[in-house]
Amino acid sequence: MSHPLSGAEDLPSWQLRLLERIQNSSYEHYRTLFHGYPQYSTAANGPNIQLENWRTNLRALEAERGEIELHAHGLDIPQRMIDYATDTGARGARWGDTPESALLPMSPPGANPTRVHLLDQIADDVWRLEHSALVRAEYLHRVHTGGLADNEPGERQLHDNMAALWRRAAGTAALIDLDPGEAHQLWGRGPDSWQQLAELTAASYTDTELQQRFAEMSWKGVEAEVSRGFDNLATSASTDLGPPTPWEVAERAEQALAAASCADELAPRLGHGIGTAVEATSTGLGTDWEPDPDPQHPPGRGSGVGVDQGAGS
């Protein structure tokens, strides 16, 4: 029988580092569970404060690992590899503690550590951009069908957050001189992959799950944190290999949701998402997708039209 990590050496190094993060996060949960249990003390502010803090820490670690696993699933990393990383960490081993993971090439020979870090950041930004587009399109759909309450300020902020993620990903790609192979790995998702991602995420979320995702993604702190990170790079470089614009990502997300074959699909999706917002603010595909300056007219508020059932590549 082959090892669960068999073939992992063929993954891009940044995907291997996702597996590393999954295992190390699982290990931190193990360490907190078995070695971080608090000692009861009467000096604490309340009889159960220490226990509640311990529980909160465990839940936070579970949520962190779950988010990384979702990203890995969205990239179609084999389930056996994800399970191995999770289970091995839960048994008290960090990535590299076993011969199988220790032998894997975590970065190309001679790679600059700063470039490796920035490549991981681009991968995270692109994932967040894709996931945000799917959540926003599905949220607007359920608002239209009466499943969820309208939230214009949240829609506006999510629009701005996506713009910030795209600007940082594009600027960082130019800064590290991303090559065509890396660009294809990072955002060369085709129609089938988009549909699978839609079914994995937004199309399968309950109303409660979707509401929580929307609230997290429309938090104003996202824009502030991402913009600050981009400003710290202090780069004005440009590239022809940048990620798809938010307009394009939004369009692909809407098409993927329209094509998704979920059993609980409510109705054909509406084409009134971020792509419409870009057109409304006169921002074309070849230009920067800036936040709409008019807070009184959030993007994508029209009645919408039916989405073309063919997904773009």
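Each residue takes its place number in the sequence, starting with 1.
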Do L18 and L11 pass the side chain to side chain contact (heavy atoms under 4.5 Å, CB included) test, and can you show the C-alpha distance, the side-chain angles, and the key distance before you say yes or no? CA-CA 11 Å; L18 271 183; L11 294 176; over 6 Å; no
Kindly indicate, with the supporting measurements, whether the criterion side chain to side chain contact (heavy atoms under 4.5 Å, CB included) is fulfilled by Y27 and T88. CA-CA 8 Å; Y27 167 80; T88 305; over 6 Å; no
Verdict with supporting geometry, E67 and E64, side chain to side chain contact (heavy atoms under 4.5 Å, CB included): CA-CA 5 Å; E67 288 301 302; E64 175 187 302; 6.0 Å; no
Check the pair R17 / S13 against side chain to side chain donor-acceptor pair (under 3.5 Å), numbers first and verdict last. CA-CA 6 Å; R17 292 191 292 274; S13 60; 3.3 Å; yes
Evaluation steps, salt bridge (charged side-chain N to carboxylate O under 4.0 Å, His left out), between R55 and E52: CA-CA 5 Å; R55 286 173 171 169; E52 287 305 315; 2.8 Å; yes
Given the rule in the side chain to side chain donor-acceptor pair (under 3.5 Å) test, do E248 and T245 qualify, once you have shown the distances and angles that lead to the verdict? CA-CA 5 Å; E248 293 171 300; T245 65; 3.2 Å; yes
Are W14 and D124 close enough, and set up right, to give a side chain to side chain contact (heavy atoms under 4.5 Å, CB included), and what steps lead you there? CA-CA 10 Å; W14 60 270; D124 283 343; over 6 Å; no
After noting the C-alpha distance and the side-chain angles of Q157 and N161, does the key distance pass the side chain to side chain donor-acceptor pair (under 3.5 Å) rule? CA-CA 6 Å; Q157 188 59 56; N161 293 350; 2.8 Å; yes
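Rounding to the nearest 0.5 angstrom, the gap separating the CG atom in D120 from the CD atom in Q15 is 11.0 Å. Atom OG1 in T145 sits 10.5 Å away from atom CG in L140 (nearest 0.5 Å). Going from atom CD of E69 over to atom CD1 of I77 covers 11.0 Å, rounded to the nearest 0.5 Å. Expressed to the nearest 0.5 Å, how far CG of L19 lies from CG of N24 amounts to 11.0 Å. In this structure, the separation between CG on L61 and CZ on R31 is 8.5 Å, given to the nearest 0.5 Å. The line from CD1 of I22 to CE of M81 is 11.5 Å long, rounded to the nearest 0.5 Å.
A salt bridge does not link E152 to R156: none of the charged side-chain nitrogens sits closer than 4.0 Å to a carboxylate oxygen. The residues E62 and R59 are annotated as not salt-bridged, no charged nitrogen and carboxylate oxygen being separated by less than 4.0 angstrom. E216 has no carboxylate O lying under 4.0 Å from a charged side-chain N of R128, or vice versa, which leaves the two without a salt bridge. No salt bridge links R168 with E223; every basic N to acidic carboxylate O contact stays at or beyond 4.0 Å.
In this structure, M217 is not a member of the same hydrophobic cluster as L165, with clusters built from ILVMFWY side-chain heavy atoms closer than 4.5 Å. Hydrophobic clustering of Ile, Leu, Val, Met, Phe, Trp and Tyr side chains at less than 4.5 Å, counting indirect connections, unites M162 with L257. V126 and V222 are assigned to two separate hydrophobic clusters, defined by single-linkage of ILVMFWY side chains at heavy-atom distances under 4.5 Å. Put simply, L118 and W166 are part of two different groups of oily side chains (I, L, V, M, F, W, Y) that touch within less than 4.5 Å, one to the next. In the hydrophobic cluster analysis, where Ile, Leu, Val, Met, Phe, Trp and Tyr join through side-chain heavy atoms closer than 4.5 angstrom, I68 is grouped apart from L200.
Side-chain atoms of S218 never come within 3.5 Å of backbone atoms of E155 as a donor-acceptor pair (strictly under, hydrogens ignored). Distance alone, capped at 3.5 Å, is enough to place a donor-acceptor pair between the Q195 side chain and the A259 backbone. Listed for the S25 side chain is no donor-acceptor partner under 3.5 Å among the backbone atoms of R21. Checked by atom type and distance alone, the side chain of T32 pairs as donor or acceptor with a backbone atom of E28 at under 3.5 Å.
Environment of CH2 in W219: sparse, with no more than 12 heavy atoms of neighbouring residues, nucleotides or ligands closer than 6.0 Å. Surrounding CG of N232 are more than 12 heavy atoms belonging to other residues, nucleotides or ligands, all under 6.0 Å away.
Using a 4.5 Å heavy-atom threshold, the side chains of L148 and F214 count as separate. At least one side-chain heavy atom of L51 sits under 4.5 Å from a side-chain heavy atom of W54.
The only option from L241, L119, L75 that meets the side chain to side chain contact (heavy atoms under 4.5 Å, CB included) definition with L186 turns out to be L119.
Listed here is the closest heavy atom pair of R189 and G74: NH1-O, 2.9 Å. Nearest heavy-atom pair, A72 versus I82, reported as atom, atom and distance to 0.1 Å: CB-CD1, 3.7 Å. The minimum heavy-atom distance linking P4 with Y84 is given by the pair CB-CB, 3.8 Å. Here the closest heavy-atom approach between residue V249 and residue A133 is recorded as CG1-CB, 3.6 Å. Here the shortest heavy-atom pairing between Y139 and A149 reads OH-O, 2.8 Å. Closest of all the heavy-atom pairs between E254 and A137 is CG-CB, 3.8 Å.
Residues passing the side chain to side chain contact (heavy atoms under 4.5 Å, CB included) test with T206, sequence neighbours excluded: T208, E209. Under the side chain to side chain contact (heavy atoms under 4.5 Å, CB included) criterion, T201 pairs with L70, W127, H131, L134, L197, Y205, not counting sequence neighbours.
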Acceptor/donor pairs from residues 99-117 side chains to any protein atom, 3.5 angstrom cut, sequence neighbours excluded:
unit_1	atom_1	unit_2	atom_2	d
S101	OG	G96	N	2.8
S101	OG	T98	O	3.3
S101	OG	T98	OG1	3.0
N112	OD1	T114	N	2.7
N112	OD1	R115	N	3.4
R115	NE	I176	O	3.1
R115	NH1	E182	OE2	3.0
R115	NH2	I176	O	3.3
R115	NH2	E182	OE1	2.9

